[in-house]
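See below for the structure under consideration.
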Amino acid sequence: MAEQLNNIVRGNKQPQNGATRYTVVNPADGKTILAEFASSSASDTADAVTAAREAFVAWKDTPVVKRCRILFHYKELLEQRSGQIAEMIVRENGKLLSEAEGELRRGIEVVEFAAGMPSLMKGDFIEDIAANVDGYIYREPLGVVAGACPFNFPVMIPLWMFPVAIACGNTFVLKPSEKCPLSAAYLVEIALEAGIPPGVLNVVHGGRETFEALIDNPDVRAISFVGSTPAAKNVWERAGVAGKRVQSLGGAKNYIIVMPDADPKETVKAIISSSFGCAGERCMASSIALFVGDAQRMLSDVAAAAKDLTLGNGLDQHSDMGPVISAEHKARVEHYIAIGEQEGARLLLDGRGQKAAGLPNGFFIGPTIFSNVAPSMRIAQEEIFGPVLCAMFAPNLDAALAIANGSAYGNGASIFTSSGGAARRFRSVIQCGMLGINTGVPAPMAFFSFGGHKNSFFGDLRAHGPDGVEFYTKKKTVIDRWPGSGGTGSIWGK
Ligand code: NAD
């Protein structure tokens, strides 16, 4: 029976009153309805913001160590329920169980990071900047923060946002992806069970309109966003017009540059995992493999390994790749494969029409590889967000770097080589935010910050890590002067 999904406001479940209806279908079988729900109306959204604004007063004054003690308990509960959460992710998103477990682990690491907030939030002090005058800086929370998430990491991305925000003393309104809202809502239920007070963490369900209402609400002070580039740009512009602090992470087109001296076995394994892991629905997926010179010989091994991947339900341990998120998305990816053919790229492996055993209606596309892709082709320039790998060739490293830097995106890029010099040249010249050297998915861990360059990121401060703390706090600088009240001068040697 399909779950009726409700908003969570002041710690209570509340039905939404919006006009749009959403249905969440298990992408592996293409038919099981997991949840049905309505969007939030303008007054539902406003009510969640009011709840967060009211809760802020006491939460801001709750000592940071107490706030963090709740997060420690939250982490414990997440660990205890990890199996259940990972299965929920698989059911609504389609990825493999091992991928869901990995996603949750990366999210829990952000909770662990946020639980260290007493050290992270500390300010700075200098005595005697003038006679009897001291100066110091300390951090305060901003107030109500709103965040919206994409479908592809339904647990990790909410956990990038609210643990850091609330550890800093903010209150939060989360809008999960309307395509994968179940596991995100469950995360919030567990947080309330861990002791997060009512109103500190709220959930509103819906799509674009719901999040735009949050952006426009004057009581919301800052906006965290992760999604496709057109949406990220809209969020950044709209929040900017409203004068709000905003971090807005967008789409990607990531390159793996393969040098002739790269370890062939490791490189092929990394390309397969990066390009086809999570069915290519990762913002850090390598969608282009750029072979330099003789490295081209490795392409046939990539194609052979990709051909061997078994499609299936993510809960089945024999599956190597799950479905994409929806029938619409499957059609979109297949459309891009047709565009690649029209553009004259060579289709080495065609995943269209492939099905998983026993799942005839699942939203599956097999691994797809194009060779001889030119940088000007749409399949090279646009984000496809599915299991489609484009292979390109370049005569030398600088030619490869020039091609990669021609991309409008700048999320991640990797190089595979055994040359320190090539790795160093790559690191210094490539225009991307997150770089891998002999690693295919260079996603930063919780204590670093996550975010790209160019059309992959809009804003200044990235997700989690030190930027996250900076983003969710504002500073006060105090000049303290107490003339004559406590005496002056040193008592050393008296
Ligand atoms: P999406 O942009 O369709 O939706 C993301 C969120 O934005 C959802 O909550 C949705 O309701 C909301 N939304 C949609 N259109 C909007 C608009 N115009 N204005 C405001 N909000 C809007 O993305 P998706 O399909 O759910 O997720 C996949 C995309 O997310 C890919 O482009 C992927 O690269 C990107 N992504 C980026 C990162 C990153 O770190 N840069 C991480 C994960 C996913």
Side-chain angles (χ1 to χ4, degrees), residues 18 20 22 24 27 37 39-40 45 92-93 95 103 106-107 110 146-161 173-181 184-185 203-216 223-242 246-254 278-287 324-326 328-330 332-333 382-386 407-412 432-434 441-444 448-459 462-465 467-468:
T20 311
Y22 296 98
V24 182
F37 59 102
S39 59
S40 301
T45 310
E92 66 175 344
N93 171 280
K95 63 178 70 176
E103 153 168 14
R106 301 311 288 264
V110 183
C149 303
F151 77 83
N152 63 325
F153 284 99
V155 157
M156 181 182 78
I157 291 178
L159 290 175
W160 282 0
M161 298 176 179
V173 182
L174 176 72
K175 193 205 79 62
S177 162
E178 65 276 30
K179 297 172 203 158
C180 278
V203 176
V204 292
H205 290 291
R208 171 181 179 162
E209 303 73 24
T210 301
F211 197 53
E212 288 184 338
L214 287 170
I215 297 173
D216 296 346
I223 300 293
S224 292
F225 179 82
V226 182
S228 59
T229 290
K233 215 168 171 193
N234 174 47
V235 168
W236 178 64
E237 285 168 358
R238 200 167 178 122
V241 168
V246 55
Q247 54 179 194
S248 192
L249 284 70
K253 195 83 189 173
N254 305 313
C278 297
E281 294 172 329
R282 261 198 304 227
C283 72
M284 294 301 284
S286 61
S287 38
V324 297
I325 188 66
S326 63
E328 297 72 37
H329 193 58
K330 177 171 151 47
R332 182 177 177 275
V333 174
E382 297 173 19
E383 184 180 44
I384 300 173
F385 219 56
S407 172
Y409 295 100
N411 216 35
C432 282
M434 296 173 282
V441 184
F448 291 105
S449 297
F450 192 113
H453 292 175
K454 299 196 269 186
N455 279 348
S456 296
F457 180 66
F458 304 90
R462 303 176 298 163
H464 59 69
D467 280 16

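What you see is a predicted model; the values in this text were computed from it and never measured. Throughout, residue positions are numbered sequentially from 1 according to the sequence presented. Remember, it's 1-based here, ligands and their atoms both numbered in the order they're listed. Hydrogens, waters and symmetry mates play no part in the numbers below; they use all other heavy atoms, side chains included.
Between F211 and V235, some side-chain heavy-atom pair lies under the 4.5 Å cut-off. Here the side chains of I384 and S287 are not in contact, with every heavy-atom distance at 4.5 Å or above. Here the side chains of L174 and C149 are in contact, with some heavy-atom distance below 4.5 Å.
Contacts between E178 and ligand 1 below 4.0 angstrom, taking non-hydrogen atoms only, involve the side chain exclusively. With a heavy-atom cut-off of 4.0 Å, F225 touches ligand 1 through its side chain alone. Contact annotation: for F450 versus ligand 1, heavy atoms closer than 4.0 Å belong to the side chain alone. The proximity of A463 to ligand 1, defined as any non-hydrogen pair under 4.0 Å, does not occur for either the backbone or the side chain. Contact annotation for E383 and ligand 1: only side-chain heavy atoms (C-beta onward) come within less than 4.0 Å of the ligand. Of the heavy atoms in E281, none comes closer than 4.0 Å to ligand 1. Contact annotation: for N152 versus ligand 1, heavy atoms closer than 4.0 Å belong to the side chain alone. Residue-level proximity to ligand 1 for I157 is carried by the side chain, the only part with a heavy atom below 4.0 angstrom.
The nearest pair of heavy atoms linking P176 to P181 is CB-CA, 4.0 Å. The nearest pair of heavy atoms linking T45 to V204 is CA-CG1, 4.3 Å. Across all their heavy atoms, G207 and Y22 have their closest contact at N-OH, 3.1 Å. Residues R332 and E383 share a closest heavy-atom pair of NH2-O, 3.2 Å.
Under the rule for a salt bridge (charged side-chain N to carboxylate O under 4.0 Å, His left out), the partners of R462 that lie at least two apart in sequence or sit in another chain are D467. Under the rule for a ring pair (Phe, Tyr, Trp, His ring centres under 6.0 Å), Y409 has no partner lying at least two apart in sequence or in another chain.
The shortest contact between atom 27 (O) of ligand 1 and any protein heavy atom is with P150 CB, 3.2 Å. Counting protein heavy atoms only, atom 15 (N) of ligand 1 is closest to A231 CB, 3.6 Å. For atom 30 (O) of ligand 1, the closest non-hydrogen atom of the protein is G227 C, 3.1 Å. From the protein, the heavy atom lying nearest to atom 28 (C) of ligand 1 is F385 CE2, 3.5 Å. Looking from atom 24 (P) of ligand 1 to the surrounding protein, the closest heavy atom is F151 CD2, 3.6 Å. Summary of contacts: the protein heavy atom closest to atom 39 (C) of ligand 1 is C283 SG, 3.4 Å.
Heavy atoms of G452 come nearer than 4.0 angstrom to ligand 1 in no pair at all. Under the 4.0 angstrom criterion for non-hydrogen atoms, F153 is not in contact with ligand 1. Under the 4.0 angstrom criterion for non-hydrogen atoms, W160 is in contact with ligand 1.
Those atoms of ligand 1 with a heavy atom of V235 less than 4.0 angstrom away are 20 (C). Close contacts of ligand 1 with K175, meaning ligand atoms under 4.0 Å from a residue heavy atom, involve 8 (C), 9 (O), 10 (C), 11 (O). Atoms of ligand 1 lying under 4.0 Å from any heavy atom of K179, numbered from 1 in the order shown and given with element: 3 (O), 24 (P), 25 (O), 26 (O). Remark: ligand 1 atoms within the under-4.0 Å shell around heavy atoms of N234 are 17 (C), 18 (N), 19 (N), 20 (C). Within ligand 1, the atoms closer than 4.0 Å to a non-hydrogen atom of G207 are 11 (O), numbered from 1 in the order shown. Counting the atoms of ligand 1 from 1 in the order shown, those under 4.0 Å from a heavy atom of G251 are 32 (O), 34 (O).
At least one N or O atom of G250, backbone or side chain, sits closer than 3.5 Å to an N or O atom of ligand 1. Considering backbone and side-chain atoms alike, S228 places an N or O below 3.5 Å from some N or O of ligand 1.
Under a cutoff of 6.0 Å and an axis angle of 45°, K95 and F153 form a cation-pi pair.
Aromatic ring orientation, W160 versus F450: tilted (interplanar angle from 30° to 60°). Ring geometry for F458 versus W236: interplanar angle of 30 to 60°, hence tilted.
Here S224 contributes atom OG and K175 contributes atom NZ; the two are 13.5 Å apart, rounded to the nearest 0.5 Å. Interatomic distance, N152 CG to R282 CZ, rounded to the nearest 0.5 Å: 10.0 Å.
Note that atom 36 (N) of ligand 1 has protein non-hydrogen atoms nearby, at separations under 4.0 angstrom.
Looking only at atom types and distance, the side chain of E212 has a donor-acceptor partner in the side chain of N234 under 3.5 Å away.
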Query raised in the report: How far apart are the C-alpha atoms of E281 and V324, what are their side-chain angles, what is the distance that settles it, and do they pass the side chain to side chain contact (heavy atoms under 4.5 Å, CB included) test?
Result: CA-CA 7 Å; E281 294 172 329; V324 297; 3.2 Å; yes

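Evaluated by nearest non-hydrogen atom to atom 6 (C) of ligand 1, the leading choice among S248, C149, G433 is C149.
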